[in-house]
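As structure tokens, the structure follows; a few thoughts come after it.
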Amino acid sequence: MNTDFAPTIDKYDAPSLVGNQGRKRFHVMAKPAGSTCNLDCDYCFYLSKETLPNGPATGRMSDEMLERFISQYIAGVTGPEVVFSWQGGEPTLMGLDFFRKVVALEKKYAKPFQKIENDLQTNGTLINEEWCEFLKENHFLVGLSIDGPKEIHDKYRVTKGRQPTFEKVFHTAKLFQRYGVPFNTLTCVNRFNARKPLDVYRFLRRELNSTYLQFIPIVEYKGFEKTAPHKWDNAALPKDGEPEAKPGHPNSIVTDWSVDPDDWGYFLCKVFDEWRSKDIGKVLVNHFETLVSQHMGLGSQVCIYGEFCGKGVAVENDGGVYSCDHYVYPEYRLGNIKDQALDSQVFSRTQVKFGYAKNETLPKYCRQCAYLSDCWGECPKNRIIRTPDGEPGLNYLCRGFKQYFAHAIPEVNRIVADLKKQPLQPQKRM
């Protein structure tokens with residue numbers, strides 16, 4: 001562990017983020033194909049990475065870099081579990097032979113006391129029977145990107161030739177079910193489908209039988225292709241409630257497909273009610289699961305609602321290490337695993353400061369909010385508007401979150417009270 005920062009230890013030194021008994025736990029999103037993808041989804045924030053000056057290199061992760069990454073990741077994590085998350089771009093473009101090497105290398109470097117897990121996020125268009133056999137045999141958990149029924153999914157999720165993708169993705173979901181491949185659904189909530197929450201939720205439940213649902217709000221600062229988070233002009237940011245703080249305005253701060261903050265709140269409230277009335281105890285929804293956990297005193301289950309961040313980095317195909325999946329810009333590049341060990345970059349002073357900044361940059365408006373400990377300002381990359389009194393650093397989705405928390409928390413507290421009356425059963429990793 002790298003502690004060579006200063007003569008004295010302060011909260012930005014690496015030991016402050018190391019867990020109990022000196023165990024180092026962190027998570028990596030690996031991008032073996034970089035931003036390369038066979039689709040051209042309108043709202044994708046990663047396709048533009050190849051256009052960044054001094055940004056991540058295009059191309060495939062080499063066999064040498066793959067082995068270096070796997071060996072360093074396993075060596076760097078001293079906790080009982082190492083989770084490899086393969087993302088993109090589209091990671092299945094690497095082909096099955098690449099992932100066969102992944103499994104072989106994990107076995108080569110695995111420590112006797114550690115459990116090695118793999119998850120794979122895919123658009124589902126390249127999956128066939130052979131893929132399913134491999135994923136099932138090697139216990140991969142798959143995240144399948146699907147935005148709802150056909151008319152909703154095909155709005156933004158299209159091929160390079162602007163052709164729809166729903167039928168192929170739906171077919172892949174059925175293949176997963178046939179082969180017994182465990183999968184979650186990941187749904188991007190955008191300006192279009194946010195007004196159709198029950199259409200989306202009921203489709204995922206009834207047609208796909210998904211039992212773990214992830215909903216990701218699309219929030220894209222206009223100009224995100226070139227401008228890194230927090231490198232924008234704070235004085236030019238709109239205030240909460242101004243028309244420029246919503247999509248659709250000519251001078252909006254966000255892209256046209258970004259979710260409207262009020263619609264985000266509406267979406268969460270409607271889905272929460274449906275989940276509470278029909279699926280509680282049977283279905284996990286990322287936002288609801290973590291809110292229950294927080295009110296049980298167990299902390300956030302996802303990084304966006306944590307008080308601090310910084311323990312989840314991205315490793316690009318060229319070995320470049322970045323502070324976060326949403327911060328793959330030159331300004332947030334920590335280094336490269338060919339030059340410096342992965343764990344020393346994760347626990348570097350630069351990255352620790354990045355993690356603490358999530359809390360330290362919160363405006364006074366947030367610190368006085370009744371929902372501070374439920375939200376903690378959500379993801380810092382979404383803090384692109386100003387508070388009503390003009391202080392920068394307010395989350396674009398603030399209005400929606402307030403609507404959701406006000407609606408859901410009374411019921412969550414009743415759920416928590418019921419849970420405390422019975423033994424808590426451990427959940428499978430999803």
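Under the 6.0 Å cut-off for aromatic ring centres, F288 and F272 qualify, their centroids lying closer than that. Taking the ring centroids of Y404 and Y371, they lie at or beyond the 6.0 Å cut-off.
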| request: Decide yes or no on side-chain hydrogen bond (donor to acceptor under 3.5 Å, both in side chains) for S258 and T255, but give the supporting numbers first. | output: CA-CA 5 Å; S258 293; T255 58; 2.9 Å; yes
| message | I'd like to know whether W86 forms a ring pair (Phe, Tyr, Trp, His ring centres under 6.0 Å) with F140, so could you lay out the CA-CA distance, the side-chain angles of the two residues, the decisive distance to 0.1 Å, and finally the verdict. | response | CA-CA 10 Å; W86 305 97; F140 274 62; 7.9 Å; no
| message | Assess the residue pair F215 and F267 against the criterion (ring pair (Phe, Tyr, Trp, His ring centres under 6.0 Å)); give the C-alpha distance rounded to whole Å, side-chain angles, the decisive distance to 0.1 Å, and a yes or no. | response | CA-CA 10 Å; F215 293 111; F267 183 94; 5.1 Å; yes
| request: Test side-chain hydrogen bond (donor to acceptor under 3.5 Å, both in side chains) on H230 and Y327 and set out the steps. | output: CA-CA 10 Å; H230 316 297; Y327 285 73; 2.8 Å; yes
| said: Before you tell me yes or no, could you show the steps for C366 and W376 under side-chain contact (heavy atoms from CB on, under 4.5 Å), namely the whole-Å CA-CA distance, both residues' side-chain angles and the distance that decides it to 0.1 Å? | reply: CA-CA 8 Å; C366 292; W376 289 112; over 6 Å; no
| From CA spacing to verdict: side-chain hydrogen bond (donor to acceptor under 3.5 Å, both in side chains), H295, D374 | CA-CA 8 Å; H295 280 250; D374 301 299; 2.7 Å; yes
| said: For a ring pair (Phe, Tyr, Trp, His ring centres under 6.0 Å) check, start with the C-alpha distance between H287 and W264, then their side-chain angles and the critical distance, and finish with the verdict. | reply: CA-CA 12 Å; H287 300 282; W264 174 237; 5.3 Å; yes
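Between Q214 and N286, the side chains place no donor N or O within less than 3.5 Å of an acceptor N or O (distance only, hydrogens not considered). Counting only N and O atoms by type, the side chains of H407 and D273 include a donor and acceptor under 3.5 Å apart. With hydrogens and angles left out, the side-chain atoms of Q121 and S145 include a donor and acceptor closer than 3.5 Å.
Using a cut-off of 4.0 Å between Lys/Arg side-chain N and Asp/Glu carboxylate O, R162 and D42 are scored as salt-bridged. Under a 4.0 Å N-O distance rule, the pair K108/E67 qualifies as a salt bridge. Looking at K270 and E274, no side-chain N of the basic residue comes within less than 4.0 Å of a carboxylate O on the acidic one, giving no salt bridge. Between R100 and D97 there is a salt bridge, with a side-chain nitrogen of the basic residue lying less than 4.0 Å from a carboxylate oxygen of the acidic one.
Residues V219 and Y396 come closest through the heavy atom pair CG1-CD2, 3.6 Å. In terms of heavy-atom proximity, L334 sits nearest to Q351 at CD1-OE1, 3.6 Å. In terms of heavy atoms, I253 sits closest to A245 at CG2-CA, 4.4 Å. Looking at every heavy atom in both residues, K246 comes nearest to P261 through CG-CD, 4.3 Å. Nearest heavy-atom pair, R367 versus L362, reported as atom, atom and distance to 0.1 Å: NE-O, 3.6 Å. Across all non-hydrogen atoms, the minimal contact from Y322 to G55 is OH-C, 4.0 Å.
A cation-pi arrangement is present between K31 and Y46 under the rule of less than 6.0 angstrom and at most 45 degrees off the ring axis.
Only one option out of L120, L141, T122, L175 pairs with L135 in a side-chain contact (heavy atoms from CB on, under 4.5 Å); it is L120. Between Y43 and the options R157, K155, E220, a side chain to side chain donor-acceptor pair (under 3.5 Å) holds for only R157.
For the salt bridge (Lys or Arg N to Asp or Glu O under 4.0 Å) condition, no pair includes a residue of residues 85-94, sequence neighbours left out.
The aromatic rings of F26 and Y73 sit tilted, their planes meeting at an angle between 30° and 60°. Note: F134 and W131 have perpendicular aromatic rings, judged against thresholds of 30 and 60 degrees for the angle between ring planes.
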